[in-house]
Amino acid sequence: MDPRILIVGTVPYNRKSTSRAFDSYFHGWDRDCLAQIFSNTKTPAKGHCGTLFQITDKRMVQRRFSHSVKTGHVFEYNELPDEWEDNNLEVGGGAFEWLYRIGSASNAYTHIIRGFVWKERYWHTPDLDSWLDSFAPECVFLSFSNDYFIPEIALYVARRFDIPIVSSIGDDYLFLREDSNNPFERVYKRHFSRTINEVFAHGGGAIYICDKIRDKYNSEFGLDGETVYLTSEAKRRAFRPIDPENLKVTYFGNIRMGRNESLCDIADALNEVDSRYTIEVYSNEREKSVTRVFDKHPSLHFMGSVPYSEVLRKTEESDIVVVVEGHKPEDIELSRYSLSTKVADSLASGVNVLAYGSADCGAIDYMDKIGCVTLCHMREELAPAIRRLLQSEGIQRANYDMSAIVVERNHTLAHSTATFRRVVGRAISNYHKAKP
């Protein structure tokens, strides 16, 4: 029987964001052995967990003014919808709409405010303890967040049941440089660092999204965590040489953190190679301040958002898919240890990959190491690299063959779930050996 794992994280399983990460870990896990505490305001969808306990900001605030308010709400699997829906936002106008809008901005000030709202005496209720006791977890799975109340909840559960914590670390919130002139940032960073150090000192294990962040945290904290790469639902297409007369170039994903400007560089390079060439950019970004930079680049077409099924279909139709990161120091700092989901999709699809960004970015560093993509670090490298790729079927074929090897080695569901199970099993075994 699978160990009973309690997931503590902001967002539960849903096909719009967390499904592939969760599936890389929990695919095939007994649903009755998985539960989650989460803070997202929407109704969760059917996924890996048999039961979920939701605590929201709004209820936490209301609890301060009325002891009759229940901060927690239990969802059981059979009552959940099949798909994630945009509902229950708890913002229906007025003060809470304003608060949620302010809270969506991730900065030291908002994290401190949320930390004040999420005092233990308001989320730690008899209802939560009763729900936890009925589940009786054997391990806590902490999905890293830059809100320190998430690891605080994980620590509470781990100490209550005397069980290990397995931390899932996909972004580096701990080693980001702080603004020494911002007193809120100093206060936030000090509290957050202290809490994370308590998590690692408690005992357990860790999984990482890529080797670069694994090596950093294992070294700093004496951990023995392993990399669990994200997987993809993309079906590998048969090899197809690029037809330069009908070139289709696409990008899918987040366009913040300087990626929008990098995409403009690629659009300009494509135009330099052939004025007919364009790049189609698909993203759910709605902020005009982010998309405005595209207006001056006629070779770049911003197409808006499409569902994941369309991402897979359009990827298969493409000749080149693009992976980019920003070049500004602040953008590099944020993406130094990250590896986006589009990396797995692009490699699994068998389509040619054009990667562009600083070598210090996690995704670009990974692309460099696997050696099966067209990789550029500088703007002036783009046009010559694109020409070489278009003109050489040999390069295209070599990349296609090598990417298949990389996917089999790193991005299969069987490999990822086996690695995760090994980390959990080791954490439980070693924790109880250390605490007789």
Side-chain angles (χ1 to χ4, degrees), residues 5 7-11 17-27 29 139-147 150-151 154 158 164-176 192-193 195-232 254 257 323 325 332-345 347-348 359-370 406-407 409-428 430-431:
I5 294 184
I7 304 165
V8 181
T10 304
V11 183
S17 65
T18 63
S19 62
R20 273 194 285 165
F22 274 35
D23 213 41
S24 296
Y25 314 144
F26 302 113
H27 186 85
W29 210 279
C139 179
V140 174
F141 176 83
L142 169 60
S143 184
F144 249 48
S145 164
N146 51 2
D147 278 310
I150 294 294
I165 301 172
V166 171
S167 299
S168 172
I169 305 171
D171 289 291
D172 176 36
Y173 301 119
L174 199 56
F175 295 105
L176 291 175
F192 183 76
S193 297
T195 304
I196 297 303
N197 274 277
E198 289 182 36
V199 168
F200 293 144
H202 176 83
I207 60 170
Y208 305 94
I209 199 169
C210 66
D211 291 350
K212 190 173 184 179
I213 194 169
R214 177 201 65 192
D215 294 344
K216 177 68 173 178
Y217 276 73
N218 279 357
S219 173
E220 289 286 337
F221 297 100
L223 305 173
D224 62 349
E226 298 187 44
T227 300
V228 179
Y229 287 101
L230 296 181
T231 59
S232 173
N254 191 321
M257 294 165 52
V323 174
E325 296 293 354
I332 295 171
E333 186 72 9
L334 291 171
S335 61
R336 187 177 300 277
Y337 299 108
S338 63
L339 192 66
S340 67
T341 56
K342 56 183 172 285
V343 169
D345 281 338
L347 296 173
D360 291 328
C361 298
I364 304 302
D365 176 69
Y366 180 68
M367 291 297 194
D368 188 22
K369 289 179 177 177
I370 60 177
V406 171
V407 169
R409 185 177 65 214
N410 292 342
H411 298 285
T412 64
L413 196 57
H415 179 273
S416 293
T417 54
T419 303
F420 177 72
R421 285 177 176 272
R422 182 169 62 246
V423 171
V424 170
R426 188 167 64 232
I428 292 174
N430 291 346
Y431 183 85

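Between the CD1 atom in Ile364 and the OG atom in Ser335 there is a gap of 8.0 Å [rounded to 0.5 Å]. Atoms CD1 and CD1, from Ile207 and Ile169 in turn, are 9.0 Å apart once rounded to the nearest 0.5 Å. Separating the OG atom in Ser219 from the CZ atom in Arg214 is a distance of 11.5 Å, to the nearest 0.5 Å. The line from OG of Ser416 to NE2 of His27 is 11.5 Å long, rounded to the nearest 0.5 Å. One distance of note links CE of Met367 with SG of Cys361; it measures 12.0 Å at 0.5 Å rounding. In this structure, NE2 in His411 is found 6.5 Å from CD1 in Ile370, a value given to the nearest 0.5 Å.
Between Tyr337 and Tyr217, a ring centre-to-centre spacing not shorter than 6.0 Å is recorded.
Among Phe26, Tyr208, Tyr229, the one residue that satisfies the ring-ring contact (aromatic ring centres under 6.0 Å, His included) test with Phe420 is Phe26. Checked options Thr412, Thr231, Thr419; the residue passing with Ser24 is Thr231 (criterion: side chain to side chain contact (heavy atoms under 4.5 Å, CB included)).
Ring planes of Phe141 and Phe22: perpendicular class, angle over 60° (limits at 30 and 60°). Classified by interplanar angle (parallel below 30°, tilted 30° to 60°, perpendicular above 60°), the ring pair Phe200/Phe221 is tilted.
In terms of heavy-atom proximity, Ile165 sits nearest to Ala158 at CG1-CB, 3.6 Å. A pairwise comparison of heavy atoms in Val423 and Val166 identifies CG1-CG1, 4.2 Å as the closest pair. Shortest non-hydrogen contact noted between Leu334 and Met257 is CB-CE, 3.6 Å. For the pair Ile150 and Ser143, the tightest heavy-atom approach, listed with the atom from each and the gap, is CG2-O, 4.0 Å. Asn410 and His415 make their closest contact through O-ND1, 3.9 Å (heavy atoms, listed as atom of the first residue, atom of the second, distance). Nearest heavy-atom pair, Ala154 versus Leu142, reported as atom, atom and distance to 0.1 Å: CB-CD1, 4.0 Å.
Formation of a donor-acceptor pair under 3.5 Å by the Lys212 side chain with backbone atoms of Ala363 is not found in this model. A donor-acceptor pair under 3.5 Å is absent between the side-chain atoms of Arg422 and the main chain of Glu226, judged by distance alone. For the pair Asn218 (side chain) and Gly225 (backbone), a donor-acceptor distance under 3.5 Å is present.
For the pair Val406/Tyr366, a side-chain contact is recorded, criterion being any heavy-atom separation below 4.5 Å from C-beta on. The shortest side-chain heavy-atom distance between Arg426 and Asp224 falls under the 4.5 Å cut-off. Contact annotation: the side chain of Leu339 never approaches that of Leu230 to less than 4.5 Å [non-hydrogen atoms, C-beta and beyond].
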